[in-house]
Visitor: 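Below you'll find the structure I mean.
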Amino acid sequence: MGLIMRRLQCVLLAAVAVIGFASVASAADLPVKGPVYKAPLFAAYNWSGFYLGIEGGAAWGRSQVISADSTFNPGLPITNPFDISGGLFGGTIGYNWQFSSNWVFGVEGDLSWVSKKGTANDISPFTTTWTNTTNEKWLGTGRLRLGITPVDRWLVYATGGFAVASVEST
């Protein structure tokens, strides 16, 4: 009888194992109940809007001081061209309008504080030597922009406008 009980226990244990593993394996095949998500549609970038910015950097150039009367009187002071350099810091403001799906029109302006300066001595037959200084204090620009967007997030444009500055020469 002991041998029969032992075989019955083994058969029962095997049946439980088969039923248990079969239900675990079939769990992956159960249907999923819930919504099916679709990928969101791609939204094209739009360049329309207001923007602000800050700017900073270095500025350099060349200057030459020529007296208004030096062309008529060669003895009046004139300097050789000299370098001027310094820094600048300011802000930018603008607005773009995108129209006709891929055309962009914009307006932009900036104003910067500038510390660009340089000095040179006169070239003069006089015995007195004068020192001339050129000092740029601020710089402002205004521009219009017209562009096209050949692909998403790319803007190819042409711009044009004006620039004004406060420059002193002493």
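Note that these values count all heavy atoms, side chains included, but never hydrogens, waters or copies made by symmetry. Positions are given from 1 along the sequence.
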Visitor: Linking I/L/V/M/F/W/Y whenever their side-chain heavy atoms sit closer than 4.5 Å, directly or via other members, would Val104 and Val151 fall into one cluster?
Guide: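 No, Val104 and Val151 fall in different hydrophobic clusters.
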
Visitor: Would you list the pairs meeting ring-ring contact (aromatic ring centres under 6.0 Å, His included) in which at least one residue belongs to residues 45-64, sequence neighbours left out?
Guide: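 Applying ring-ring contact (aromatic ring centres under 6.0 Å, His included) to every pair that reaches into residues 45-64, excluding sequence neighbours, yields Tyr45-Trp47.
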
Visitor: Roughly how far apart are Phe82 CZ and Lys117 NZ, rounded to 0.5 Å?
Guide: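 It is 11.5 Å, given to the nearest 0.5 Å.
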
Visitor: Answer yes or no: is there a donor N or O on one side and an acceptor on the other, between the side chain of Ser48 and the main chain of Gln98, under 3.5 Å?
Guide: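 Between the backbone of Gln98 and the side chain of Ser48 there is a qualifying donor-acceptor contact (under 3.5 Å).
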
Visitor: Is any side-chain heavy atom of Trp138 closer than 4.5 Å to a side-chain heavy atom of Leu111?
Guide: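 Yes, close enough: below the 4.5 Å cut-off.
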
Visitor: For atom CG of Leu52, is the number of surrounding heavy atoms from other residues, nucleotides or ligands below 6.0 Å larger than 12?
Guide: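 For Leu52, atom CG is crowded (more than 12 foreign heavy atoms under 6.0 Å).
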
Visitor: Tell me every residue that passes ring-ring contact (aromatic ring centres under 6.0 Å, His included) with Phe89, counting only those two or more places apart in sequence or in another chain.
Guide: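 Checked Phe89 against ring-ring contact (aromatic ring centres under 6.0 Å, His included); zero matches.
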
Visitor: Under 3.5 Å, is there a donor on one side chain and an acceptor on the other for Glu108 and Thr92?
Guide: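 On atom types as modelled, these side chains do not qualify, holding no pair under 3.5 Å.
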
Visitor: Do you know the tightest heavy-atom contact between Thr149 and Ser101?
Guide: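 Closest pair (atom of Thr149, atom of Ser101, distance): OG1-O, 4.3 Å.
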
Visitor: Counting C-beta onward and ignoring hydrogens, is there a side-chain heavy-atom pair between Leu88 and Lys116 closer than 4.5 Å?
Guide: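 SC-SC contact between Leu88 and Lys116 ruled out.
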
Visitor: Determine all donor-acceptor pairs shorter than 3.5 Å in which one atom belongs to a side chain in residues 153-170; sequence neighbours excluded.
Guide:
| from | atom 1 | to | atom 2 | distance (Å) |
| --- | --- | --- | --- | --- |
| Thr159 | OG1 | Leu144 | O | 2.8 |
| Glu168 | OE1 | Lys137 | NZ | 3.4 |
| Glu168 | OE2 | Lys137 | NZ | 3.4 |

Visitor: Report yes or no: does Ser115 contribute a side-chain atom to a donor-acceptor pair with the main-chain N or O of Gly87 at less than 3.5 Å?
Guide: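 Present.
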
Visitor: Are any non-hydrogen side-chain atoms of Arg143 and Asp110 less than 4.5 angstrom apart?
Guide: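 The answer is yes, as the side chains (C-beta and beyond) meet within the 4.5 Å cut-off.
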
Visitor: Going from CZ on Phe105 to CG on Leu146, what distance comes out if it is rounded to the nearest 0.5 angstrom?
Guide: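 CG of Leu146 is found 7.5 Å from CZ of Phe105.
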
